[in-house]
Amino acid sequence: MKKFMVVCLFLHFTLESCYKALPEPKNATLPEITTVGANTFGCLANDLVWQNDGNRKGPYSSTIKNEVFSLFYLYQKKDNAVLRIYGQMTYTNTDQQLSIDIYNKDLLKTGTFPISSASFEDFLKSKKYDFIDTLNPPLVKIIKLDTISKIASGTFEGNIYTKNKLEKMTIKNGRFDVKLK
């Protein structure tokens, strides 16, 4: 049993030492506004560049490239459409996620829509913004929504708050160009 434990510890520390987190990006810039399904997602979050990027630490100390998760579907019963976009930014001193959801029966057209729910979470600082002021919700402008080519592109901006509404995060210059799943 001791031999097994020693081997397990050796493997753990060997694999752990192989993992090197990406350093923080220097001069990070937002992705371009495109409509080709480039799988980009970014914004200014309280005037700091946030973009889906970096590597997460996976099982057995492996690294996993952060990818944008995007989903589009129609509610059968309510005749509503849903667009969900989710991404993460992970570096040595950064572990954050951002998600936006739009529920709207007219979402099959281009145009400006209120964001139904949004969440920005900083795991290292244990801070979460996920409250939307329904009287003044953040907005998304759908530039392209092609369900045949499975591409959704657009821009977004607005404010989200902590649960107690004591702190506000201002999101500006948001953009996404995603492949729908």
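Predicted model only: the values in this text are computed from it and were never measured.
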Asn173 (side chain) donor-acceptor with Cys43 (main chain) under 3.5 angstrom: no
For residues 150-160, the side chain to side chain donor-acceptor pair (under 3.5 Å) pairs (sequence neighbours left out) are Ser153-Asp177, Asn159-Thr170
Sorted by chain and residue number, the ring pair (Phe, Tyr, Trp, His ring centres under 6.0 Å) partners of Phe176 (sequence neighbours excluded) come out as none
Does NZ belonging to Lys179 count more than 12 external heavy atoms closer than 6.0 Å? yes
Spacing of CE belonging to Met169 relative to CG belonging to Leu98, to within rounding of 0.5 Å: 8.5 Å
Sub-3.5 Å donor-acceptor pair from the side chain of Asn80 to the main-chain atoms of Lys105, do we have one? yes
Non-hydrogen atoms of Pro31 and Gln51 that approach each other most closely: CD-OE1, 4.0 Å
In short, Lys172 meets Asp47 closest at the heavy-atom pair NZ-OD1, 2.7 Å
Is any side-chain heavy atom of Asp146 closer than 4.5 Å to a side-chain heavy atom of Thr35? no
ILVMFWY cluster membership beyond Leu48 - transitive side-chain contacts under 4.5 angstrom: none
Please answer: with hydrophobic residues joined when any side-chain heavy atoms are less than 4.5 Å apart, are Ile132 and Leu139 in the same cluster? no
Other residues, nucleotides, ligands: >12 heavy atoms within 6.0 Å of Lys165 NZ: yes
Flag if over 12 foreign heavy atoms under 6.0 Å of NZ, Lys141: no
Are any non-hydrogen side-chain atoms of Asp53 and Tyr91 less than 4.5 angstrom apart? yes
